[in-house]
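Worksheet for the structure shown next.
The residues of the chain are indexed from 1 along the displayed sequence. In this text the structure is predicted, and so the values were computed from the model without any measurement. For ligands, and for the atoms within them, numbers begin at 1 and follow the listed sequence.
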Amino acid sequence: MKKSLCVVGLGYIGLPTSVMFAINGHQVHGVDVNRKAVEMVNAKQLHIEENGLQERLEEAVDSGKFTASLEPTEADVFVIAVPSPIREDKTANLDYVKKATESIVPFVKEGNLVILESTVPPRTVEDVMLPVLEETGLTIGEELFVSHSPERVIPGKVFQELVDNDRIVGGINEKSSEMTRDLYLSFVKGNIHLTDATTAEMAKVIENTYRDVNIAFANELALISDQIGVNSWEAIKLANYHPRVNIHTPGPGVGGHCIAVDPWFLAEIQPDLSKIIQLSRNTNDHMPVYTAGEVESFLKEQHIQDPKVALFGLSFKANIDDQRESPSLKVILELVERGISFSSYDPHIKENVASNQTQSMDEALEGADIVVILTDHDEFKQLDPAHIQGKMRSRLVFDTKNALSLDEWKDAGFLTKRLGDSKNG
Ligand code: SAJ
C-alpha cells in the first residue's frame with residue numbers, strides 16, 4: 001500500500017532513500033536544516049554526488065511525489081537519516097538524532113511508524129528516541145511504532161545496494177518490525193531480516209567494526225613485513241586463497257565517516273571490554289604517522305636536501321570526491337610537522353587550499369623528489385613513469401596502496417618503495 005513519508009535529513013542516505021520511495025509510488029516530503037540543500041532539491045539540483053541520483057531526483061520531483069522544506073509535515077511514516085558523528089573525545093554525538101526526533105513530535109499521530117536509519121550506538125532507540133517520542137502522549141508499541149533499519153550502502157553504488165543488499169529491520173516490537181519490512185519491500189530485492197531495535201543497532205556497528213579490525217590486522221602484517229624481507233600484499237593474497245581466510249588490505253590509514261567512527265560506539269559503551277576494537281582503531285589511526293615517517297626515511301637514505309614530496313590522492317578512498325577523515329590529510333599534517341615541503345594532486349577533488357593542491361599533475365611534479373601514492377584512483381594505476389620522471393628533480397616513488405607496477409617504474413629509472421613490502425627495496 002502506498003504511504004505518505006516524511007524523511008528527516010537529505011544527505012548521502014536520506015536523499016537517495018527519499019527518491020527511491022517517491023519513484024516507487026509513495027508520497028515523500030523531505031526535510032533538512034540546510035536551506036540551500038532544500039532549495040536545490042526542489043530545483044532538481046544535486047548538493048551531493050551519487051551515480052544515478054540526478055535522473056531519479058528529476059523523475060521524483062516531476063511526478064509530484066517528492067517535495068522538500070525546512071519543516072516536517074504529517075505523514076504515515078517518519079524516516080530519520082541524520083549524521084551521528086563522534087566528538088573530539090570519541091563519544092557519539094547524538095544531538096542530530098535527538099533534535100530530528102524532537103522535530104517530528106508535533107506531527108506524529110496514532111498509527112504512525114518512526115524509522116531510524118542513522119548508525120548509532122546500541123540502545124539509542126530505546127534510551128534516546130523513545131523518551132522523546134513518549135512526549136506525543138501515544139502509547140509506544142500500541143499507538144506509535146518505532147524501528148531501526150540501518151543504511152548499509154557504499155558511496156558510488158547507493159542505488160544498486162539500496163535494492164540488492166539484504167536489509168536489517170529491528171522493531172521495538174513485532175508489529176513495528178513488520179510495518180517497516182512492508183514499507184521497504186516496495187523497492188528492496190535483498191532479504192529483509194527482522195530482529196529487535198538494539199540487535200539491529202549492534203549488527204550495523206559490528207559490520208564496520210569488523211572491517212576496521214580486519215584492516216588493522218592487515219596494517220600490522222604490513223609493519224611486520226617491512227622488517228623481515230616480505231611483501232605483505234603477496235603474503236596476504238596467498239593466505240586469502242584459503243577458503244576460510246579473508247584479510248583486507250593495508251594502507252596509509254582508514255578514512256571516511258563510518259569505519260573510522262562506528263567502532264568508537266562500542267568502545268564508548270563498554271570501554272573495558274572492547275580492547276581489540278580500541279587497539280585496532282589506534283593502529284589504523286597511526287598509519288598516516290608511519291607513512292610520513294617512511295617517506296622521511298626514504299628521502300634521508302638518498303641524502304636528498306630540502307626535499308619536495310608530490311602527494312597523489314586526497315580523497316579517503318579510490319574514485320570518489322570525499323575527503324572526510326581522509327588519511328591523506330593526516331599525512332600532510334605529519335609532513336608539515338617534520339618541515340618537509342609538498343604539493344598534492346587529486347583528479348577527483350576540485351579544491352583544497354590546505355593541502356597545497358595543484359590543478360594538474362605536471363604542476364605537482366615540478367621540482368619534486370618523490371611521488372607518494374595515497375589513494376588508488378584508477379587514473380594513478382595508469383600513470384606513465386616515463387612521462388613522470390622527466391618532470392621531477394629526483395626519481396623516488398612510494399606506493400602505499402599497491403596501485404603501481406613498480407617494475408615499470410624501476411625500468412624508467414625510479415627507486416621504488418611499497419608500504420608493507422621490504423622484498424622490493
Ligand atoms: N580500507 C583499507 N583497507 C581495506 C579496505 C578499506 O585501508 O582493505 C580503507 C579505505 O581506503 C578507506 C576506509 O578503509 O580509507 C573505508 O573504506 P570502505 O570502502 O571500507 O568503507 P566506507 O566507509 O566507504 O563504507 C562502509 C561500508 N561498510 C562495510 O563495507 C562493512 C558501507 O557498506 C557502509 O554503508 C558505510 O561504511 C556506512 O555508512 O556505514
* Structure fact -> Filtering Glu161, Lys157, Arg211 for the heavy atom nearest atom 20 (O) of ligand 1 leaves Arg211
* To do: For Lys401, take its heavy atoms, then give the atoms of ligand 1 lying under 4.0 Å from any of them.
  => 11 (O)
* Have a look at Asn165, Asn208, Val153 and point out the one with the heavy atom closest to atom 29 (C) of ligand 1. => Asn208
* Identify the closest protein heavy atom to atom 16 (C) of ligand 1: which residue and atom is it, and at what distance? -> Gly255 O, 3.6 Å
* Asked: Is there a donor in the side chain of Asp212 and an acceptor in the side chain of Asn284, or the other way round, less than 3.5 Å apart?
  -> yes
* Is the ring centre of Phe187 less than 6.0 Å from the ring centre of His26? -> no
* Structure fact -> the protein heavy atom lying closest to atom 22 (P) of ligand 1 turns out to be Lys317 NZ, 3.9 Å
* Applying salt bridge (Lys or Arg N to Asp or Glu O under 4.0 Å), run through Lys417 and Asp226 and close with a yes or a no. => CA-CA 10 Å; Lys417 184 179 170 83; Asp226 267 344; over 6 Å; no
* Which segment of His257 sits under 4.0 Å of ligand 1 when only heavy atoms are counted -> neither
* Cation-aromatic face contact Arg167/Tyr184, 6.0 Å, 45 degrees -> yes
* To do: Under 4.0 Å from a heavy atom of Arg152: give me the atoms of ligand 1 that qualify, with their elements.
  => 33 (O), 35 (O)
* Asked: Less than 4.0 Å between a side-chain N and a carboxylate O, is that true for Lys65 and Glu59?
  -> no
* Measure the distance from atom 3 (N) of ligand 1 to every protein heavy atom, then report the residue, atom name and distance (to 0.1 Å) of the closest one. => Thr249 O, 2.8 Å
* Asked: So, is His248 polar-close to ligand 1, with some N/O to N/O distance under 3.5 Å?
  -> no
* Taking NZ, NE, NH1 and NH2 as the nitrogens, is one of them in Glu207 or Arg152 under 4.0 Å from a carboxylate oxygen of the other? -> yes
* May I ask you to identify, for Ile215, whether its side chain, its backbone, both or neither come under 4.0 Å of ligand 1 on a heavy-atom basis? => side chain
* Structure fact -> Looking only at protein heavy atoms, what sits closest to atom 37 (O) of ligand 1 is Cys258 CB, 3.2 Å
* Among all protein heavy atoms, pick out the one at the shortest distance from atom 39 (O) of ligand 1; state its residue, atom name and that distance to 0.1 Å. => Glu151 OE2, 2.6 Å
* Asked: Can the ring centroids of Phe398 and Phe312 be said to lie less than 6.0 angstrom from one another?
  -> no
* Asked: Nearest to atom 21 (O) of ligand 1, what protein heavy atom do you find, and at what distance?
  -> Ile259 CD1, 3.4 Å
* To do: List every atom of ligand 1 that sits less than 4.0 Å from any heavy atom of Pro155, numbering the atoms from 1 in the order shown and giving each element.
  => 24 (O)
* Judging by distance only, is a nitrogen or oxygen of Glu207 under 3.5 angstrom from one on ligand 1? -> no
* Which protein non-hydrogen atom lies closest to atom 10 (C) of ligand 1, naming both residue and atom, and how far is it? -> Phe316 O, 3.9 Å
* Does a donor on one side chain and an acceptor on the other come within less than 3.5 Å for His348 and Glu379? -> yes
* Would Glu58 and Lys44 count as a salt bridge (Lys or Arg N to Asp or Glu O under 4.0 Å) if you check the C-alpha gap in whole Å, the side-chain angles of each, and the deciding distance to 0.1 Å? -> CA-CA 6 Å; Glu58 284 169 22; Lys44 295 179 277 186; over 6 Å; no
* To do: Specify the protein heavy atom at minimum distance from atom 25 (O) of ligand 1: its residue, its atom name, and the distance to 0.1 Å.
  => Ile154 CD1, 3.6 Å
* Among Val120, Thr119, Ile86, find the residue that satisfies the side chain to side chain contact (heavy atoms under 4.5 Å, CB included) test when tested with Asp262. => Thr119
* Asked: Checking salt bridge (Lys or Arg N to Asp or Glu O under 4.0 Å) for the pair Asp362/Lys391: CA distance, chi angles, key distance, verdict?
  -> CA-CA 7 Å; Asp362 286 0; Lys391 311 275 169 198; 3.6 Å; yes
